[in-house]
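Comments concern the structure below.
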Amino acid sequence: MLSMHNISKVFRTDLVQTHALRDFSLEVAAGEFVAVTGPSGSGKTTFLNIAGLLENFDGGSYRLDGVDVAGLSDSALARLRNEKIGFIFQSFNLIPDLNLFDNVDVPLRYRGFSAAERKQRIEEALEKVGLGARMKHLPSQLSGGQQQRAAIARALAGSPRFLLADEPTGNLDSLMARQVMELLEQLHEEGTTIVMVTHDAELARRAPRNIHVLDGAVSDLHVVGTPSLRAATV
Amino acid sequence: MSEIGPILRALLRNKTSALLIAGQCALTLAIVVNALFIIVARQELMQRPTGLDGENIVYVQSMGFTRDFRPEAVIREDLDLLRRLPGVVAASPINAIPLSGGGSSRGYSKEENTESEGIGAAYYELDEQGQKALGLNLTAGRWFRPEDVQALPENTDQYPYQAVISQAMARKLYGEDAPLGKRLYFQNGQRSVAIIGVVEHLPSAWVHAENFPYSVVYPRITTEKFIRYALRTEPGRRDELMPVVEQALRKANAGRIIRLRTQSEASARSYRGDKAMNIILASVSGLIVVITALGIVGLATFSVRRRTRQIGTRRALGASQWQVLRYFLVENWLLTTIGVLLGSGLAVALNLYLVETYSLERLNLWYLPAAAVLLWLLGWAAVYAPARRASRISPATATRNI
Amino acid sequence: MFAYYLRLSLASLRRHPALSALMVLAIAIGIGVCMTTLTVHTLMSSDPIPWKSDKLFAVRLDSWGPDRPWEEPNEPPPELNWRDATALMASDIPPRHAAMFKSMFTVQNEDPGFAPYMVEARITHKDFFALFDTPFLHGGGWGDSADKNLEQVVVLGKVANDKLFGGENSVGRTIRLDEREFKVVGVLADWQPVPKFYDVNNGNFDAAEDIYLPWGTAQPFQLRTAGNTNGWKPENIDSFDAFLNSESVWIQFWAELPDTETKARYQAFLDAYVGEQKKLGRFPRPLNNRLSDVNQFMSERHVVGDDNRVLVGLSFLFLAVCLINMVGLLLAKFLGKAPELALRRALGASQWQIVQLNLVEVGLVGLLGGVLGLGLAYGGLEAVKTLYASNDGNDVRLYALNLPLALQAMAIALAASLLAGLYPALKVGRLAPAGLLKTQ
Ligand SMILES: Nc1ncnc2c1ncn2[C@@H]1O[C@H](COP(=O)(O)OP(=O)(O)OP(=O)(O)O)[C@@H](O)[C@H]1O
Ligand SMILES: [Mg+2]
């Protein structure tokens with residue numbers, strides 16, 4: 001699904017050069033659920049941004065679903081992002097002026113679905129996260145956990161095969177965090193590939209595979225359990 | 001002003017926005033300065049002295065159309081009638097209306113038999129009451145006596161013997177020499193009249209011509225079907241007397257069409273374009289100032305909104321309300337100052353272009369500092385409300401999540 | 001997608017109503033001011049007779065005095081004297097030509113109780129009507145003989161026919177001009193060329209004369225011009241005939257020259273005529289005979305005033321200020337929206353789609369501004385009309401918006417705001433989405 005080889009990323013400002021990633025290599029197979037941990041500033045968000053095609057990189061190669069993304073045009077990248085990737089952010093990033101329906105609608109619009117199909121997908125997605133009755137609400141009228149679930153609905157409405165989450169529970173209390181985590185696990189079960197950055201060791205442990213990032217590179221990668229093992233423990 | 005450094009650095013990080021405000025200020029300054037300059041010049045033009053009792057003069061135009069129309073007799077009767085009307089101070093036939101845009105002019109010189117065309121001046125034909133009828137101020141010599149005045153048809157070889165000229169005309173021809181008794185030559189110096197008097201002002205009919213202040217008056221009445229009289233009423237009675245005059249003349253002789261015009265109307269018509277230009281320029285300048293001010297308000301509002309958290313943090317860290325306010329005022333001052341510098345150059349360039357293309361006057365450079373002060377004040381006035389709002393941001397904002 | 005952008009843009013405009021109003025107002029005022037001056041300018045400089053303006057020529061001979069030209073650098077006087085006009089009429093090179101001047105009369109109809117009024121008349125040759133394609137309501141012009149001999153016939157303008165005959169077909173009836181009887185042979189439909197190109201000596205935008213008399217009436221009735229008479233030579237003018245024989249210029253002259261060959265022949269004819277006159281001691285200046293077509297003539301006679309040009313220039317500078325203003329506000333606004341736009345990018349919008357969205361919003365502002373600006377231009381023109389309007393009221397038509405001008409206003413508003421929006425739209429479209437998502 002995702003295959004990064006020796007990716008490097010340097011941020012240049014007037015005075016300093018920051019090597020956010022160096023020789024970053026990672027393979028994520030289709031259907032995996034990977035939790036990424038690491039100290040602050042280690043390069044987790046940078047990795048996720050590159051994985052999600054939000055940022056370009058300086059060296060190395062990156063294949064997403066078999067496609068080499070280097071040298072793709074902006075609109076090709078946008079198309080890939082739209083069709084294959086769903087994003088979940090720490091701060092939800094819902095558009096405050098749009099109600100839930102319209103928020104979830106955003107990626108579908110760029111996908112070019114028909115009105116009927118969009119409506120069906122939006123309703124399905126919101127039902128799935130348990131917000132079917134709240135379609136006309138504005139984000140400000142929801143709790144943090146509900147907002148994050150709406151953001152997840154938005155991420156999965158286009159049925160992406162690849163879900164990227166940057167500290168999705170960072171702004172939530174532990175109960176809410178658990179709800180969100182359960183939702184992600186359900187999606188994983190349905191076959192979605194998930195990469196989740198988190199600071200919460202307990203949550204990370206619930207993911208079948210953990211990787212640790214240190215100083216812009218993957219420091220050790222160990223498998224906590226195979227998917228089948230995990231299924232047995234739940 | 002220790003803050004200038006950081007403010008400038010912050011501005012440089014937002015170069016485009018800064019440049020836009022400065023550029024807008026610059027253009028505004030250039031336009032307003034040039035517009036104001038034109039306005040003042042036109043205002044001066046319109047306020048030149050005329051020497052006429054402008055508010056109390058009425059011109060009566062009579063066009064006889066019957067075949068047996070006898071102009072000489074009609075004129076005698078009309079003048080008799082007009083002069084006897086209560087409220088009329090004086091009445092005289094006149095060939096053209098000063099400042100009206102329509103009249104006659106001719107070239108005059110002080111030399112006999114000259115090849116040069118001399119200086120162009122308006123010529124008027126008035127009778128012995130002409131001075132009183134226009135309210136002219138005689139500064140030397142005398143006005144015409146009844147026996148000086150000749151009644152002649154339009155196409156004739158005969159010319160009058162005397163003339164009264166305007167002071168500007170006298171100075172132009174003879175400099176400091178006394179003009180009285182001198183002879184005034186025309187038609188290539190082949191004919192001449194004696195100058196018997198000088199009036200302080202008597203402008204020509206053409207307000208935009210160079211020869212505006214030059215005029216010559218003959219003691220003469222042209223006896224044609226088209227007759228014009230100038231009459232002066234007692235102060236303030238002009239409008240009340242106009243219908244009376246019209247009625248009386250119509251009753252005296254029905255074989256003609258009568259039309260009345262006031263001096264004020266005629267002058268206003270000639271200056272109409274200038275007045276309109278000034279009003280338009282003033283309105284456009286006003287609008288531009290308003291637009292620029294609103295633009296500054298809008299941008300400042302944005303910038304305050306964007307920096308709300310930052311300002312809250314500063315306040316939490318101990319900045320006083322006044323310091324926050326000052327930050328915005330200084331920032332705005334910096335921007336307008338760049339605008340003033342750019343704008344001054346632009347204003348001069350625009351003026352040079354206007355001088356080149358439309359032969360306008362050179363800009364009086366004192367306009368620039370005046371405009372600069374105006375722009376600073378404008379900038380502050382515009383930025384004050386948003387800055388004040390910024391200074392009132394509660395320090396608690398820093399900790400609140402938005 | 002467009003409908004979606006439109007909905008988002010409307011919502012975005014509604015979010016900051018004061019600011020949106022400010023932007024719309026800036027564009028509207030800019031457009032209003034520009035359209036006001038531009039309308040006057042366009043109409044002032046419009047071609048009054050576009051279908052043949054390149055074939056109609058004002059004829060000028062440099063009969064002016066030796067010392068200096070009529071106007072610097074070397075302009076011939078704009079009018080002819082009687083002798084030269086008469087001589088030119090003898091040429092058969094132009095298929096149509098006419099000399100003309102303006103005069104004043106008192107006019108009455110057949111009813112003795114009718115209160116006479118003053119009217120401006122044009123004394124001219126029979127070709128005048130065909131030369132300028134004047135539309136006739138009834139009847140037609142006069143024949144050749146009326147130009148050569150005295151025939152008391154007239155063509156009435158529409159207004160005169162309305163006033164004298166209540167708008168009826170008056171052909172065959174009589175009017176009295178200065179107590180002389182004239183028979184009506186034709187009535188014109190409304191015909192008011194703007195500018196009044198064939199005689200701009202007294203007012204570029206005056207009304208056309210309301211009565212037309214044949215050339216043959218001028219000499220017997222000693223008709224004097226009500227326009228300008230200009231002379232350079234000290235001459236003893238003590239009779240009407242002396243006036244006709246003088247060097248005073250007061251007659252406009254127009255000829256139709258359908259092709260360059262005819263024009264060249266006519267120019268040669270003029271030069272030959274002046275050459276001959278030089279032998280008689282006339283025409284002291286170097287040869288300088290001028291054939292200017294309508295548009296050349298309008299520009300040589302400065303029909304569009306300097307003030308008007310200054311105002312047009314000024315109003316475009318004004319529009320520039322409004323635009324800069326708008327660029328600044330849009331930039332601030334779009335930067336404020338940057339996180340949302342970055343999110344859209346993360347969710348699959350391409351840069352171009354973001355730019356499109358922004359441009360739709362800008363276009364909406366432009367459109368609203370344009371509509372409001374048209375309203376302002378209408379008000380502005382009304383105001384300008386009261387400032388400038390002259391007594392005869394003919395130049396009122398200079399201050400009227402028409403459809404092409406209105407469309408032009410909308411086009412300028414849209415183009416201007418898209419131009420103003422392009423930079424902010426592109427700039428925000430290009431921001432890297434990753435950075436913006438983080439700051440939220
Ligand atoms: N736009 C940028 N310009 C300059 N340096 C940057 C930029 N973005 C990130 N960096 C630097 O790159 C490094 C990695 O940042 P990154 O955001 O990936 O860390 P992180 O692992 O997500 O940290 P945290 O857990 O705190 O979110 C940091 O040292 C950071 O300072
Ligand atoms: Mg991070």
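Chain identifiers are assigned alphabetically (A, B, ...) following the order of the sequence lines, protein sequences preceding nucleic acid strands; residue numbering begins at 1 within each chain.
- Around NZ of C:Lys52, the count of heavy atoms belonging to other residues, nucleotides or ligands within 6.0 Å exceeds 12.
- If you measure heavy-atom distances from A:Ile85 to chain C, you find no contacts under 4.5 Å at all.
- Surrounding CZ of A:Arg111 are more than 12 heavy atoms belonging to other residues, nucleotides or ligands, all under 6.0 Å away.
- Note that CG of C:Leu8 is 6.5 Å distant from CG of A:Leu98, once rounded to the nearest 0.5 Å.
- Of all the listed residues (A:Arg154, A:Arg81, A:Arg109), the one sharing the greatest number of non-hydrogen pairs under 4.5 Å with chain C is A:Arg109.
- Across all non-hydrogen atoms, the minimal contact from C:Leu347 to A:Val106 is CD1-CG1, 3.9 Å.
- Between C:Ala346 and A:Phe89, the closest heavy-atom pair is CB-CZ, 4.1 Å.
- Other residues, nucleotides and ligands place no more than 12 heavy atoms under 6.0 Å from the CZ atom of C:Arg430.
- The interface of residues 348-375 of chain C with chain A, defined by heavy-atom distances below 4.5 Å, comprises C:Gly348, C:Ala349, C:Ser350, C:Gln351, C:Trp352, C:Gln353.
- Of the two parts of C:Arg7, only the side chain, counted from C-beta on, holds a non-hydrogen atom closer than 4.5 Å to a non-hydrogen atom of chain A.
- Heavy-atom neighbours of A:Phe101 CZ from other residues, nucleotides or ligands within 6.0 Å: above the threshold of 12.
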Walk me through it: do A:Asp105 and C:Tyr4 pass the test side chain to side chain contact (heavy atoms under 4.5 Å, CB included)? CA-CA 11 Å; A:Asp105 189 28; C:Tyr4 182 54; 4.2 Å; yes
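- Heavy atoms of C:Arg345 lying under 4.5 Å from chain A belong to its backbone as well as its side chain.
- Interatomic distance, CZ of C:Arg344 versus OH of A:Tyr110, reported as 4.0 Å (0.5 Å rounding).
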